[in-house]
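Worksheet for the structure shown next.
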Amino acid sequence: MPVNYLQLQSQIHILSDSILNQREKGKEALEKLTDQFKTAASLPNLAERVSAKLRENRGLSCALPRDERIDSHISAGDHSGEIVNILAADGSQINPSRHEEVSFGLINTAIFKMRMNGNEAPQIVTETKLIEREDDSLQEKLNNEANVGLFRDVEERRLLSREACKIPQGELVVALTDGPLQLYYFQEPNTTENPLVNEYYKALAEMSEKKIITAGYTDRPRSTFVIDMLRLLMNSDPQDVRVKQTLVFDSNLFSRILLPGERSALFKLISPAVEQMPAAVQISFFYLNVGSDSRPMITRIEIPEWVSKDPAAIDLLHYSLLQQNGFLSSNPYPYALHRAHECAVVQFSEKEHVKQLIIRELLSRGVTDLEKSAKQVAKDLFGTTYRDFKE
Amino acid sequence: MTDTSMFGRILSSNIRECVVGYRINESMIPPFGSMVRIPVSHAQQPEIYGLVTDIQIEEDGFLRQLATNDQVSEEVMLDARVNRNVPVVLRILFIGYLENGNISHLLPPCPPLTLDNIYKCTNAEITAFTSFGNFGYIRHILKVTNVPPGELLAAHISQAAKAQFADNHFGWTESAINEVIYLMRDNYADLLAILGAIGDADISLDGEVEEQE
């Protein structure tokens with residue numbers, strides 16, 4: 001059945017009212033937060049103050065200032081002409097479905113490797129893995145999408161680490177993933193018991209040993225770590241601090257502070273999940289304006305501890321990200337990450353082809369009871385749409 | 001003929017023509033008007049002969065975005081040319097075929113299949129095909145619609161004349177042009193356009209391409 005547009009008309013009106021109202025409130029909140037940010041920036045011993053507040057309010061997530069003043073806006077140094085290896089990883093997946101003739105999961109991971117100023121064609125490495133049902137210790141868990149997603153995230157980092165570590169020692173390497181460094185799909189409290197999470201930490205540790213400049217790139221971030229830090233500092237009511245506000249994001253605040261190409265100060269990310277991570281891979285982040293004067297575009301860059309301790313590495317990362325975004329300047333996003341995505345994505349037709357290959361193999365081994373569920377058969381029937389009934 | 005002259009694969013075909021895709025980083029793009037051969041894969045015979053009538057470099061939305069940038073780095077350019085799955089597309093007009101050692105200037109009995117290989121013709125193949133019979137294949141060229149027939153004919157005669165000259169077949173060019181004049185005798189306007197194109201190709205009647213001043 002088509003959408004009931006008549007019903008939607010009034011709801012769209014109400015939704016628009018709500019969005020405009022939120023925006024108005026957001027403007028007011030942003031004014032106040034900007035003032036608070038400036039005040040906080042000039043406070044002595046700011047990091048100690050935030051740490052003290054955090055001790056009083058355990059379990060909160062927020063930003064913790066590192067060495068730079070929090071209102072810093074820093075330009076990148078010039079690294080043009082330097083040979084820098086840019087690696088980007090991305091993955092896609094087929095989630096198992098009990099409605100298909102055969103239920104299977106698949107992870108496709110791609111690494112895109114560019115050697116900037118090397119005058120070489122970039123290289124692409126892809127790895128495709130069927131998730132085996134019997135010999136995987138996570139067999140039961142892999143029946144849900146979140147766990148396939150976790151497996152994919154870990155595969156991305158594992159392959160990224162493997163390819164990055166192949167580059168000869170002494171060459172500069174920047175290794176990028178899309179999204180936060182923290183595993184997005186991982187929500188269980190005890191990290192050390194999950195073999196996939198350990199695999200992830202192992203990949204990061206390998207990159208740490210080789211001093212590979214690793215970063216997670218988040219486009220249009222909706223995080224409020226810095227704003228939460230301000231609220232923690234300025235608000236005396238602990239209960240109020242724990243209520244998440246959604247009117248303004250850090251990106252709104254930094255779009256007023258950062259000029260095009262500038263990065264913010266570096267902050268340490270404090271959260272219950274990050275606290276469980278090994279010290280070497282604890283996360284810091286900065287914001288980066290990849291937009292223009294008329295259209296600021298704030299992105300969040302997460303880096304592990306070994307990178308955050310190396311100002312030269314941060315500067316090279318900053319420069320490389322601006323260069324990568326410059327290749328797609330009308331719609332800034334790192335070129336290498338986009339290409340990794342292009343190479344990793346599994347199209348619907350490819351999924352169908354893989355399924356047919358599995359079915360063919362099973363048929364040749366005498367399996368004959370391969371059928372879709374009745375629900376899936378009905379869904380797949382050609383022409384079962386409202387329009388076709390009408391015709 | 002060795003496999004080294006293979007340059008692309010069939011994307012689609014019918015009895016008159018086919019479309020061929022190949023990677024943009026191929027070093028030798030067969031020029032407009034050049035002769036190619038396509039062995040039909042399900043049997044080594046017939047081998048279809050054709051002429052390149054169009055060369056199109058495809059694009060997608062991403063390349064369009066890159067193209068609007070002031071500067072494109074060498075690495076991005078190489079990535080687009082070497083790695084991205086955007087082929088150069090050639091259109092091939094069929095002009096005859098070879099079966100059981102016999103050349104025919106008729107259209108082939110069956111079209112090539114998708115992903116069949118396509119090869120550039122050697123001078124010997126060009127000479128053998130264009131010397132056979134009485135230029136019957138030229139009628140296919142004169143009926144081409146996607147490019148001006150005169151341009152295609154001029155490019156073809158230019159290539160074939162060199163091959164014929166190299167094989168000591170003097171007088172081939174003159175005979176070919178006479179055939180064109182005969183076929184187009186009732187269409188004076190188009191004949192003039194075709195002769196004008198052949199004139200611009202600076203082909204001497206003994207087969208050598210004349211040096212431009």
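In what follows, chains carry the letters A, B, and so on, assigned in the order in which the sequence lines appear, proteins first and then strands, with residues in each chain numbered from 1.
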query = Angle class for the B:Tyr49/B:Phe129 ring planes (parallel below 30°, perpendicular above 60°, tilted otherwise)?
reply = tilted

query = Under 30°, 30 to 60°, or over 60°: which ring-plane class applies to A:Tyr287 and A:Phe285, parallel, tilted or perpendicular?
reply = perpendicular

ask   = Which bit of B:Val76 is near chain A, if near means a heavy-atom gap under 4.5 Å: side chain, backbone, both or neither?
value = both

message = Suppose a student defines contact as a heavy atom less than 4.5 Å from any heavy atom of chain B. Which residues in residues 337-348 of chain A would they list?
response = A:His338, A:Arg339, A:Glu342

request  = Return yes if a side-chain donor-acceptor contact under 3.5 Å exists between A:Glu156 and A:Thr177, otherwise no.
outcome  = no

task = Answer yes if the side chains of B:Thr130 and B:Gln164 hold a donor-acceptor pair under 3.5 Å, and no otherwise.
result = yes

ask   = Do you know the tightest heavy-atom contact between B:Val147 and B:Thr53?
value = CG1-O, 3.1 Å

Region of A:Ile124 in contact with chain B, defined by heavy-atom distances below 4.5 Å = side chain

note = Whatever's closer than 4.5 Å to a heavy atom in chain B on A:Tyr335 counts as side chain

task = Evaluate whether atom CZ of B:Arg16 has more than 12 neighbouring non-hydrogen atoms of other residues, nucleotides or ligands under 6.0 angstrom away.
result = no

task = Would you mind reporting whether B:Leu66 and A:Leu328 have side-chain heavy atoms less than 4.5 Å apart?
result = yes

